[in-house]
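Everything numeric in this text was worked out from a predicted model, so none of it was measured.
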Amino acid sequence: MGTRTAIIAGNWKMNLGRQESVDLGNAVARIEHDPATVELLVFPAMAWTAAVSDAAQGSNLRVGGQNCYTEPKGAFTGEVSAAMLAEICTDVMAGHSERRHVFGESDELVGQKVRAILGAGMRAVLCVGETLSEREAGDAEAVVKRQLVAGLAGTGVDELGSIVVAYEPVWAIGTGVSASPEDAQNMCGYVRSELVGLYGDAGANVRVLYGGSVTPENAGDLLRQADIDGGLVGGASLNVQSFRAIVEAAAGT
Ligand code: PGA
């Protein structure tokens, strides 16, 4: 992972009730770690973001939103703006594959969300990744490049400190089949080379996470790869023991 501080992020998706979320937030906030080596971040279900954020007060745990809308306020029933999340969050995800594939979000919309998140003063975790058929067609790099370019449209080099990229192959999410460490490294290395192509040397400092069936068992081999700066963890983040084991794996690489 080199000199870039690792990030271990938990994506709780639409799981856990209010009390379960607060309890897990409290437990994750107490995971012993060196914040200079590993940053901890959780994305609770939207309804409980504020409650978990309150639970994390006074700790190093960062709390993020799983999604937001592009407009700051107005007649957009059911949506949450980046400005609203900025009152309770430090980070917001944009373009998670479930947003892209279940809710039909376009590359352009994801880019507008990144703009809104940065505009509200938060860090954007931009998720990219190919489907199985795109991989089988040999298009994995082209898809990821298209998602990166659109996702970062209008983002300047001076804003890169507020960008994290998560490479999450769709076929590895929630399937129990993670990418091999070699494939994950190749794609995260590709993301980094594209960031350098877009932004020059500063692009190399952006944290690039791997996501997709990360577990305590495979975390060490994945996180040891040169261009993998951490993990975006779904299923294994719903339990403090497995999340702690992944944090420990990150600290040990
Ligand atoms: P998973 O989910 O770890 O359960 O595969 C990862 C994600 O969707 O971010």
Side-chain angles (χ1 to χ4, degrees), residues 1 7 9 11 13-14 43 66-67 70 92-115 117 124-155 160 163-200 203-204 206-215 217-237 246:
M1 295 188 297
I7 299 173
N11 175 12
K13 308 192 181 187
M14 198 173 74
F43 295 94
Q66 296 180 4
N67 179 38
T70 54
V92 182
M93 247 190 271
H96 187 277
S97 74
E98 288 145 20
R99 300 300 317 171
R100 294 178 190 268
H101 297 290
V102 182
F103 301 100
E105 293 192 4
S106 67
D107 297 338
E108 288 65 35
L109 180 64
V110 172
Q112 289 164 11
K113 291 186 176 190
V114 170
R115 299 303 317 141
I117 295 161
V125 179
L126 170 63
C127 304
V128 298
E130 81 286 357
T131 64
L132 185 58
S133 60
E134 289 164 339
R135 169 157 286 260
E136 287 174 346
D139 292 338
E141 290 188 351
V143 168
V144 163
K145 178 175 185 163
R146 193 193 71 219
Q147 292 174 341
L148 268 181
V149 168
L152 295 173
T155 294
L160 279 191
I163 295 286
V164 173
V165 177
Y167 166 67
E168 298 201 297
V170 180
W171 45 271
I173 295 179
T175 59
V177 182
S178 76
S180 66
E182 189 187 8
D183 285 344
Q185 160 58 29
N186 284 343
M187 290 302 293
C188 291
Y190 176 74
V191 167
R192 193 174 311 285
S193 68
E194 285 302 313
L195 290 167
V196 170
L198 288 168
Y199 293 104
V206 173
R207 262 83 59 86
V208 181
L209 315 184
Y210 166 78
S213 296
V214 176
T215 63
E217 290 71 36
N218 64 22
D221 286 342
L222 287 163
L223 298 174
R224 203 169 290 124
Q225 305 300 316
D227 287 302
I228 300 181
D229 304 321
L232 181 53
V233 186
S237 72
I246 294 168

Taking the side chain as every heavy atom from C-beta outward, state whether E130 and M187 have any atom pair closer than 4.5 Å.
-> yes
List in chain and number order the residues that pass side-chain hydrogen bond (donor to acceptor under 3.5 Å, both in side chains) with R99, two or more places apart in sequence or in another chain; answer none if no residue qualifies.
-> E105
Looking at G203 and V196, what are the two nearest heavy atoms and their distance?
-> C-CG2, 4.1 Å
Going by heavy atoms in the side chains, are V125 and V92 under 4.5 Å from each other?
-> no
side-chain hydrogen bond (donor to acceptor under 3.5 Å, both in side chains): which pairs involve residues 137-150, sequence neighbours left out?
-> D107-R146
Which heavy atom in V206 sits nearest to a heavy atom in V164, and how many Å separate them?
-> CG1-CA, 4.4 Å
Side-chain heavy atoms of F43 within contact of L232, under 4.5 Å | yes
Mind checking the OH-CD1 spacing from Y199 to I163? Nearest 0.5 Å is all I need.
-> 6.5 Å
Atom OG in S213, atom CD1 in I173: separation rounded to 0.5 Å?
-> 8.5 Å
Yes or no on salt bridge (Lys or Arg N to Asp or Glu O under 4.0 Å) for D229 and R192, after CA distance, side-chain angles and deciding distance?
-> CA-CA 11 Å; D229 304 321; R192 193 174 311 285; 2.7 Å; yes
Output all residues satisfying side-chain hydrogen bond (donor to acceptor under 3.5 Å, both in side chains) with S178, sequence neighbours left out; order by chain, then residue number.
-> N218
Nearest 0.5 Å, what's the CG-CD1 distance between L223 and I246?
-> 8.0 Å
M93 and I117, any side-chain heavy atoms less than 4.5 Å apart = no
R207 side chain to I228 main-chain N or O, any donor-acceptor pair under 3.5 Å?
-> no
Could you walk me through whether V233 and T215 pass side-chain contact (heavy atoms from CB on, under 4.5 Å), step by step?
-> CA-CA 8 Å; V233 186; T215 63; over 6 Å; no
Do F103 and H96 come close enough that some side-chain heavy atom pair is under 4.5 Å?
-> no
Is the backbone of V170 close enough, under 3.5 Å, to the side chain of T131 for a donor and an acceptor to pair up by distance?
-> no
What are the two closest non-hydrogen atoms of E168 and C127, and how far apart are they?
-> OE1-SG, 4.3 Å
Measure the spacing between CD of Q225 and CG of N186 and express it to the nearest 0.5 Å.
-> 9.0 Å
State which residues pass side chain to side chain contact (heavy atoms under 4.5 Å, CB included) with Q112; sequence neighbours excluded, sorted by chain then number.
-> T70, L109
With a 4.5 Å heavy-atom cut-off, do L148 and V191 have their side chains touching?
-> yes
Return the minimal non-hydrogen interatomic distance between G129 and V143, and the atom names on each side.
-> O-CG1, 4.2 Å
Using the test salt bridge (charged side-chain N to carboxylate O under 4.0 Å, His left out), find all partners of R115 that sit at least two apart in sequence or belong to another chain.
-> E159
Spell out, as yes or no, whether a donor-acceptor pair under 3.5 Å connects the side chain of Y210 to the backbone of A179.
-> yes
Test side-chain hydrogen bond (donor to acceptor under 3.5 Å, both in side chains) applied to E136 - qualifying residues, sequence neighbours left out = none
Looking only at non-hydrogen atoms, find the nearest pair between V114 and A94 and report the distance.
-> CG2-CB, 3.8 Å
In terms of heavy-atom contacts, C188 and L209 come closest through SG-O, 4.1 Å
Would you kindly say whether Q185 and Y190 are connected by a side-chain donor-acceptor distance under 3.5 Å?
-> no
